[in-house]
Amino acid sequence: GHQIVFIVGDFTGVIGDTSDKDSERPMLSEETIAENMKNYVEQAGKIIDITKAEVHSNSEWLGKLTYSEIGRQADAFSLSEFTSRENIKKRLDEGKRVSLRELLYPLMQGYDSVAIQADVELGGTDQRFNLLAGRHLQPLYDQKPQDILMGNLILGTDGRKMSSSWGNTINLLDSPNDMFGKVMSIPDELIVTYLVHCTRVPMEDVEKVEQEMKGGANPKNSKVFLAKMLVSMYHDEGAAEEAEKHFQNVFSEKGVPEEIIERRSMAGEEIIDIIVELEFAGSKGEARRLIEQGGVELNQEKVTDVKRALLPTENEAILKVGKRNFARILIP
């Protein structure tokens with residue numbers, strides 16, 4: 001059998017995707033990387049038995065490389081190989097800046113394979129060049145080139161590329177209710193793709209679901225099936241059942257969750273401040289956008305004024321932010 005090695009990418013490098021409007025892939029600071037790293041191992045533990053895996057930070061070896069060693073690795077690649085990559089070529093053709101540091105990123109990932117003497121590396125199809133970088137570098141160190149295993153990318157909950165900056169992700173550490181609710185919001189045409197790539201449902205069962213929908217079956221039932229499969233995988237079957245009940249109560253029956261956050265407030269306090277304090281939004285700017293987009297309700301009435309404050313008569317009110325965040329506001 002193979003030894004599973006999980007590498008935490010804590011060495012400062014080129015991070016991020018090109019779905020944003022920036023001309024160059026964003027660099028993350030060491031502080032941001034350290035913050036992101038806090039949950040990496042926990043997330044991996046949702047998929048692999050982390051107690052049986054080796055966990056390493058790639059700064060262990062990347063931080064020790066000399067300039068001459070990096071130059072030796074760079075000799076394994078040509079400039080044309082790098083610039084002919086689809087996403088790089090597109091940005092160069094559009095006159096956008098591509099930093100030399102980004103050119104070095106495949107070397108970093110490739111050397112990860114050398115450091116752990118990898119024989120198989122996993123990654124998405126968008127990582128093909130970086131995965132193959134390990135195969136290029138390993139012979140320089142008298143190692144057999146690794147095999148690579150790529151998985152197809154899936155679209156986000158809104159049908160666009162999945163990107164944390166767009167908020168269309170379903171995260172491994174999401175609560176059962178959030179995970180279930182997000183799955184129920186995906187476009188119908190993604191149900192089969194999610195079943196194939198994100199669950200362990202046998203393909204004959206997936207094909208049955210596909211045929212039933214083609215025959216006119218309500219896609220909602222298939223989506224519920226998908227949601228329960230995902231929640232069961234990352235939590236358990238009991239959590240999946242409870243999440244379904246929660247969804248039916250809150251969204252199908254237009255109710256309010258049985259368990260709800262309570263917050264004591266004073267008359268005159270602005271809704272926007274309450275939203276931020278409850279962490280229903282990451283900032284006042286985000287809270288303001290939610291209000292302007294009609295995503296905030298107080299007692300089932302949309303809040304349209306960003307300066308809206310609590311009234312003395314609203315001694316107990318239900319605040320709803322987005323589709324899944326609820327709070328009971330109490331005024332003494």
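Worth saying up front: this structure is predicted, and the values here are computed from it rather than measured. We use all heavy atoms of the structure for the numbers below, so side chains are in, but hydrogens, waters and symmetry mates are not.
Contact of the E242 side chain with the K245 side chain is registered, since non-hydrogen atoms from C-beta on lie closer than 4.5 Å. Residues K228 and E241 have side chains in contact (heavy-atom distance under 4.5 Å, counting atoms from C-beta outward). Residues T304 and I291 form no side-chain contact, since every pair of their non-hydrogen atoms from C-beta on lies 4.5 Å or further apart. I116 has its side chain out of reach of D112: every pair of non-hydrogen atoms, C-beta onward, lies at least 4.5 Å apart. Residues Y194 and I170 are in side-chain contact: their nearest non-hydrogen atoms beyond the backbone lie under 4.5 Å apart. Counting heavy atoms from C-beta outward, Q127 and M150 have side chains that stay 4.5 Å or more apart. Contact annotation: the side chain of L190 never approaches that of I154 to less than 4.5 Å [non-hydrogen atoms, C-beta and beyond]. Counting heavy atoms from C-beta outward, I7 and V5 have side chains that approach closer than 4.5 Å.
Side chain of Q73 to main chain of M108: no donor-acceptor pair is present (N/O by atom type, distance under 3.5 Å, no hydrogens or angles). The backbone N or O of T193 lies less than 3.5 Å from a partner atom in the side chain of H197, making a donor-acceptor pair. Remark: side-chain polar atoms of K284 are not paired, donor with acceptor, to backbone N or O of V276 under 3.5 angstrom. Side-chain atoms of Q143 come within 3.5 Å of backbone atoms of V114 as a donor-acceptor pair (strictly under, hydrogens ignored). The backbone N or O of I186 sits less than 3.5 Å from a side-chain atom of K223, completing a donor-acceptor pair. When atom types are taken as modelled, the side chain of R72 and the backbone of L140 share a donor-acceptor pair closer than 3.5 angstrom. Under a 3.5 Å cut-off, the side chain of N168 and the backbone N or O of S163 do form a donor-acceptor pair. A donor-acceptor pair under 3.5 Å is formed between the side chain of D49 and the backbone N or O of T51. Checked by atom type and distance alone, the side chain of K89 never pairs as donor or acceptor with a backbone atom of S84 at under 3.5 Å. Judged by distance alone, the side chain of R135 and the main-chain N or O of Q146 form a donor-acceptor pair under 3.5 Å.
Between L230 and C198, the shortest heavy-atom contact is CD2-O, 3.2 Å. For P106 against A133, the heavy-atom pair with the smallest separation is O-CB, 3.3 Å. What you find for F247 and G181 is that their closest heavy atoms are CD1-CA, 4.3 Å. Here the shortest heavy-atom pairing between L131 and G124 reads CD1-O, 4.0 Å. Of all heavy-atom pairs spanning V321 and L319, the tightest one is CG2-CG, 4.0 Å. The two residues V41 and V8 come nearest to each other via the heavy atoms CG2-CG2, 4.2 Å.
The structure places CZ of F129 at 10.0 Å from CG of N87, a figure rounded to the nearest 0.5 Å. From I260, atom CD1 reaches atom CZ of F326 across 7.0 Å, with rounding to the nearest 0.5 Å. Distance check: D178 CG to N325 CG gives 7.0 Å after rounding to the nearest 0.5 Å. Distance check, rounded to the nearest 0.5 Å: NZ of K320 to CD1 of I318 gives 11.5 Å. Here the CD1 atom belonging to I50 is positioned 14.0 Å from the OH atom belonging to Y40, to the nearest 0.5 angstrom. Taken from CZ in R308 to CD in E270, the straight-line distance is 11.0 Å, to the nearest 0.5 Å.
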Under the criterion side-chain contact (heavy atoms from CB on, under 4.5 Å), I'd like the reasoning laid out for Y234 against D174: C-alpha separation, chi angles, the key distance, then a yes or no. CA-CA 9 Å; Y234 296 109; D174 278 342; over 6 Å; no
Go through it in stages, so that I can follow the logic: the residues are F180 and H246, the test is ring-ring contact (aromatic ring centres under 6.0 Å, His included), and I'd like the CA-CA distance, side-chain angles, deciding distance and then a yes or no. CA-CA 9 Å; F180 195 100; H246 174 87; 9.1 Å; no
Hey, mind stepping through R288 and I272 against side-chain contact (heavy atoms from CB on, under 4.5 Å) and telling me if it holds? CA-CA 7 Å; R288 185 177 296 105; I272 194 170; 4.0 Å; yes
Go through it in stages, so that I can follow the logic: the residues are R263 and E277, the test is salt bridge (Lys or Arg N to Asp or Glu O under 4.0 Å), and I'd like the CA-CA distance, side-chain angles, deciding distance and then a yes or no. CA-CA 10 Å; R263 182 189 188 278; E277 185 178 322; 2.6 Å; yes
Apply the test side-chain contact (heavy atoms from CB on, under 4.5 Å) to residues M184 and K220: give CA-CA distance (whole Å), side-chain angles for both, the deciding distance (0.1 Å), then the verdict. CA-CA 8 Å; M184 294 302 294; K220 179 183 176 182; 3.9 Å; yes
V120 vs I148, test: side-chain contact (heavy atoms from CB on, under 4.5 Å). Steps then yes/no. CA-CA 5 Å; V120 180; I148 65 172; over 6 Å; no
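Ion pair K144/D119 not flagged as a salt bridge, since none of the NZ, NE, NH1 or NH2 atoms sits closer than 4.0 Å to an Asp/Glu carboxylate oxygen. Checked for salt-bridge contact, D158 and R160 meet the test: a charged N lies under 4.0 Å from a carboxylate O.
Residue pairs meeting the ring pair (Phe, Tyr, Trp, His ring centres under 6.0 Å) criterion with at least one member in residues 281-315: none, sequence neighbours excluded.
E237 and S232 share no side-chain donor-acceptor pair at under 3.5 Å. Residues S59 and S57 have side chains that never bring a donor and an acceptor to within less than 3.5 angstrom of each other. S175 and N177 share no donor-acceptor pair across their side chains, judged by distance under 3.5 Å alone. When only modelled atom types and interatomic distance are considered, S99 and R101 share no side-chain donor-acceptor pair under 3.5 Å. Side-chain contact annotation: Q109 with E121, donor-acceptor N/O pair under 3.5 Å present.
Hydrophobic clustering of Ile, Leu, Val, Met, Phe, Trp and Tyr side chains at less than 4.5 Å, counting indirect connections, keeps L173 apart from I47. Under a hydrophobic-cluster definition in which Ile, Leu, Val, Met, Phe, Trp and Tyr are linked whenever side-chain heavy atoms come within less than 4.5 Å, directly or via other members, Y111 and Y67 are assigned to different clusters. Under a hydrophobic-cluster definition in which Ile, Leu, Val, Met, Phe, Trp and Tyr are linked whenever side-chain heavy atoms come within less than 4.5 Å, directly or via other members, M229 and M203 are assigned to the same cluster. Residues L311 and I274 do not share a hydrophobic cluster, clusters being chains of Ile/Leu/Val/Met/Phe/Trp/Tyr side chains in contact below 4.5 Å. Tracing side-chain contacts under 4.5 Å through hydrophobic residues (I, L, V, M, F, W, Y), one reaches M213 starting from V183; they form part of the same cluster.
With ring centers used as reference points, F82 lies 6.0 Å or more from Y105. Here H56 and F6 keep their ring centres 6.0 angstrom or further from each other.
No more than 12 heavy atoms of other residues, nucleotides or ligands shown are found within 6.0 angstrom of CD on E279. Annotation for E94: atom CD counts as buried by contact number, over 12 foreign heavy atoms lying within 6.0 Å. The number of heavy-atom neighbours closer than 6.0 Å to CD of E301, taken from other residues, nucleotides and ligands shown, is 12 or below. No more than 12 heavy-atom neighbours from other residues, nucleotides or ligands sit within 6.0 angstrom of CZ on R128.
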